[in-house]
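What follows is a short report on a single structure.
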Protein chains: 2
Amino acid sequence: MLEQLASGETNVGTLAEPHAMSQPAVSKHLRVLERAGLIRRARQGREHRIRVDPEPLEAASTWIGRYARFWKQEFDAVDTYLKARAKQARSETSSKEREKR
Amino acid sequence: MLEQLASGETNVGTLAEPHAMSQPAVSKHLRVLERAGLIRRARQGREHRIRVDPEPLEAASTWIGRYARFWKQEFDAVDTYLKARAKQARSETSSKEREKR
DNA sequence: TCGATGCATAACCAAAAGGTTATCTAATGT
DNA sequence: ACATTAGATAACCTTTTGGTTATGCATCGA
């Protein structure tokens, strides 16, 4: 539904149609999104124009991005470490097998 | 919990401690995260080392980022439009009030 | 002024999320 | 070989999510 809001500003009724959803369901979603600060609402008369507030999403994006980059480093480091350990483990195993005989 | 995984690779038991959570609960979370492709698991003996897979998060980050930037344009455009309309509405109202008298 | 319209709210329901305890399996140390 | 330990799985319970219909309220057009 957020994705649909991407295609620009709409009123509540219009949002309900493409999803197989009733109007009250949409209202509920909008209330949640509004409390989460993800959308803005401008009432003009009896119609409510809804639009996405990009700020918090942008913030989330950069936050995740920072973490992802950090994790990528960790990931690669651990990966090479594990490969090295695996190689060593193989040689240890074979030496143990030699001992058994 | 993902945030805790940020601080590096761990095994399952270690993950349970800081949250007030039982071990099976953690196992459930990990299974979900694994199926979602957000973490990787390397079993070595009876211990499972868990680490974050940064790729999908990075993808999500850039996706959201692109949308956020796009929405920011929309947002600003609509904002200026609304301000203009509000100004016009005020002048129309006052002219109507003049008619009433 | 009065019916139609846009949306919110209330009351309710089914399914899913998220936790628990108890039990099982496989690897480990002794 | 046997007790211990890391983790998974099963069965169950409560809370949250996400939807519904019915109804209320304000605004608009005639």
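Within every chain, numbering begins at 1; the chains are lettered A, B, ... in the order of the sequence lines, protein sequences first and strands thereafter. These figures come from a predicted structure and were not determined experimentally.
Distance, A:Q44 CD to C:dG6 P: 13 Å, rounded to whole Å. Between the CZ atom of A:R35 and the P atom of D:dT16 there is a distance of 13 Å, given to the nearest Å. Atoms CD (B:Q23) and P (C:dG19) sit 13 Å apart, rounded to a whole Å. If you take CZ of B:R43 and C1' of D:dG7, they are 9 Å apart, rounded to a whole angstrom. Protein atom CZ of A:R46 is 8 Å distant from nucleotide atom C1' of D:dG29, rounded to whole Å. Atoms CD (B:E34) and P (D:dG7) sit 13 Å apart, rounded to a whole Å. Remark: P of D:dA6 and CD of B:E17 are 10 Å apart, rounded to the nearest angstrom. Atom pair A:M21:CE and D:dG19:P shows a separation of 5 Å (rounding to whole Å applied).
A pairwise comparison of heavy atoms in B:T14 and B:P18 identifies O-CD, 3.4 Å as the closest pair.
Between D:dT9, C:dT9, C:dG6, one nucleotide has an atom nearer to the side chain of B:S27 than all others, and that is D:dT9. Which of D:dT9, D:dT20, D:dG7 sits closest to the side chain of B:R31 comes down to D:dT9. For B:S22, counting side-chain heavy atoms from C-beta on, the closest listed nucleotide (D:dG7, C:dA10, C:dT21) is C:dT21. The side chain of B:A25 lies closest to C:dG19 when the candidates are D:dT9, C:dG19, D:dG7. When distances run from any side-chain atom of A:H29 to the nucleotides C:dT21, C:dT9, D:dG19, the shortest one goes to D:dG19.
No hydrogens or angles considered: a donor-acceptor pair under 3.5 Å links the side chains of A:Q23 and A:S27.
Comparing A:A20 and A:G45 against DNA chain D, the residue whose closest nucleotide sits nearer the 5' end is A:A20. Mapping B:K28 and A:H48 onto DNA chain C by nearest heavy atom places A:H48 at the nucleotide closer to the 5' end.
Between A:Y67 and A:F70, the angle of the ring planes goes over 60°, which puts this pair in the perpendicular group of the 30/60° scheme.
A donor-acceptor pair is defined here as one N or O able to donate and one able to accept, closer than 3.5 Å; no such pair exists between the side chain of B:T10 and the backbone of B:L15.
Classification of B:K72 and A:E55 as a salt-bridged pair holds, one side-chain N sitting under 4.0 Å from a carboxylate O.
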